[in-house]
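Data first, discussion second: the structure below is written as structure tokens.
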Amino acid sequence: MRRLLRSGHRQAASCVFAAGVFAPLAVTSVVPLPIARYDALLIGCLALTALLRATGALLVSVSFVLVAAFRRGKARRESTARARVGSVLGMGHRVLVVDDDPTVSDVVRRYLEQDGCEVRLAADGAAGLAAVAADRPDLVVLDLMLPGVDGIEVCRQLRRRLPHLPIVMLTALGEEPDRVLGLEVGADDYVTKPFSPRELALRVRSVLRRAAADSGPAVITDGDLAVDVGRRTATLGGVPLSLTVREFDLLAFLAGSPGRAWSRTDLLRRVWGWEFGDQSTVTVHVRRLREKIERDPAEPRRIHTVWGVGYRYETVSA
């Protein structure tokens, strides 16, 4: 940009100088003038040329200042945006990315690091399980199709060992049964390949934010069910429940607003933070919740289906 401005300035200055020198010659060729008057005209034109050149230099300098100010402002805005994202995510969150495609892993790593995460990579299921055992991450980004131990089995094993560990599943399979299978084995969220790295970073941010949330009533009690929102624990009959991040979020949200019917779209927006998405995600999580908090999931007493709408939570007596 600066090179272009300088080039334009030189060209404009050359044109002005030529005009200042040759203008008097053109005038005298039409209207004969005495030598003294010609000298005065030449001096005046050269003075005007110098003034115009000085004005051009001033304009170029002002342009340099404006460009520099614009660049500094842009850099400050980008820095502020990165700081805002980092404050939402919480600097230093450790994320493990398990994917056998090095290109995908590298792109995901760079985007998450820009969001303030510390990222480790694993190229297969066995390596991913070993990495979690050696240094527990705050979240796992897990590819469904892995060599050796596939993503479904890795997710099952992680859920048995660390039921509260957030997991975001990556899958190149677009069919609904494949997405549902990932959710049924315990994934908190999923992204279908090909995906936008920015979208994945936002999904990771959403899951981490909800995993760290501590708002709402201190404890929600419904008969023998107790949901401690601050500590993110739930018990049924005094026995701790093994809930994923999304399962806990969904239970706390529904139990915190008993008697109100929520559509699947409402639940996707309020619990998952999605403006759009596959509504079967909600269906799968409700089914998993019923299996954990209902005496008979086929005849639920707490989470009721409202046909044509969605779901409603009803309190029960002790």
Side-chain angles (χ1 to χ4, degrees), residues 89-212 242-248 272 274 277-278 280-281 284-285 288:
L89 272 176
M91 299 297 289
H93 270 120
R94 295 174 299 175
V95 177
L96 174 65
V97 178
V98 186
D99 196 305
D100 62 323
D101 187 330
T103 301
V104 172
S105 296
D106 184 63
V107 170
V108 171
R109 175 185 59 78
R110 286 189 285 109
Y111 268 81
L112 293 179
E113 285 179 345
Q114 288 177 3
D115 276 356
C117 295
E118 299 175 10
V119 182
R120 294 184 60 188
L121 304 179
D124 56 55
L129 290 171
V132 172
D135 184 16
R136 176 178 173 177
D138 298 306
L139 181 142
V140 175
V141 177
L142 178 63
D143 187 24
L144 181 64
M145 304 297 291
L146 291 172
V149 184
D150 64 20
I152 295 297
E153 181 58 30
V154 171
C155 190
R156 284 197 183 101
Q157 293 191 33
L158 291 179
R159 276 289 162 257
R160 287 197 295 266
R161 301 176 188 177
L162 302 167
H164 303 296
L165 176 64
I167 299 174
V168 176
M169 188 79 79
L170 299 180
T171 174
L173 305 175
E175 296 299 323
E176 180 178 325
D178 301 306
R179 299 195 299 269
V180 170
L181 179 59
L183 295 170
E184 284 184 334
V185 297
D188 296 290
D189 205 343
Y190 71 90
V191 178
T192 303
K193 295 180 181 179
F195 59 86
S196 161
R198 186 69 250 163
E199 178 191 1
L200 175 60
L202 291 172
R203 295 287 183 94
V204 168
R205 182 192 312 177
S206 175
V207 174
L208 284 172
R209 182 174 60 244
R210 292 187 177 278
S242 178
L243 302 176
T244 68
V245 172
R246 292 297 193 200
E247 289 169 358
F248 182 89
W272 275 261
W274 301 356
D278 189 348
S280 64
T281 300
V284 171
H285 280 77
R288 288 172 56 85

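This chain uses plain numbering: 1 for the first residue, then up along the sequence.
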### Task
Test side chain to side chain contact (heavy atoms under 4.5 Å, CB included) on Val98 and Val154 and set out the steps.
CA-CA 10 Å; Val98 186; Val154 171; 5.8 Å; no
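- Atom CZ of Arg159 is separated from atom CG of Leu243 by 10.0 Å, given to the nearest 0.5 angstrom.
- We find the CD1-CG distance between Ile167 and Leu142 to be 6.5 Å, quoted to the nearest 0.5 Å.
- Formation of a donor-acceptor pair under 3.5 Å by the Arg109 side chain with backbone atoms of Leu112 is not found in this model.
- In plain terms, the two heavy atoms of Gly186 and Cys155 that are nearest each other are C-SG, 3.9 Å.
- Pairing each heavy atom of Thr103 with each of Asp101, the nearest pair is N-OD1, 2.9 Å.
- Nearest heavy atoms, Pro163 versus Arg160: CD-O, 4.4 Å.
- Here the side chain of Thr244 pairs no donor or acceptor atom with the backbone of Ala187 at under 3.5 angstrom.
- Checked options Val168, Val245, Leu183; the residue passing with Asp189 is Val168 (criterion: side chain to side chain contact (heavy atoms under 4.5 Å, CB included)).
- Looking only at side-chain heavy atoms (C-beta outward), Glu113 and Val95 stay at 4.5 Å or farther from each other.
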### Message
Determine whether Leu144 and Ile152 satisfy the following criterion, side chain to side chain contact (heavy atoms under 4.5 Å, CB included), listing intermediate values before the conclusion.
### Response
CA-CA 6 Å; Leu144 181 64; Ile152 295 297; 3.1 Å; yes
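- Judged by distance alone, the side chain of Asp124 and the main-chain N or O of Ala127 form a donor-acceptor pair under 3.5 Å.
- Just one residue in the list Leu202, Thr171, Leu200, Val108 forms a side chain to side chain contact (heavy atoms under 4.5 Å, CB included) with Val191, and that residue is Leu200.
- Between Arg94 and Arg136, the shortest heavy-atom contact is NH2-O, 2.9 Å.
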### Candidate pair Phe195 and Val107, rule side chain to side chain contact (heavy atoms under 4.5 Å, CB included), full reasoning
CA-CA 11 Å; Phe195 59 86; Val107 170; over 6 Å; no
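- Taking 4.0 Å as the cut-off between side-chain N and carboxylate O, Asp188 and Arg203 do not count as a salt-bridged pair.
- Results of the side chain to side chain contact (heavy atoms under 4.5 Å, CB included) test with Ser105 over Asp143, Asp99, Asp100 single out Asp99 as the only residue that passes.
- The minimum heavy-atom distance between Asp138 and His93, with the atom names listed, is OD2-CA, 3.4 Å.
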### Task
Determine, step by step, whether Thr281 and Arg246 satisfy the side chain to side chain contact (heavy atoms under 4.5 Å, CB included) criterion, reporting the C-alpha distance in whole Å, the side-chain angles of both residues, the deciding distance to 0.1 Å, and the verdict.
CA-CA 10 Å; Thr281 300; Arg246 292 297 193 200; over 6 Å; no
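- Between Glu153 and Arg156 there is a salt bridge, since a side-chain N of the basic residue sits under 4.0 Å from a carboxylate O of the acidic one.
- Between Val132 and Arg161, the closest side-chain pair of non-hydrogen atoms is not below 4.5 Å.
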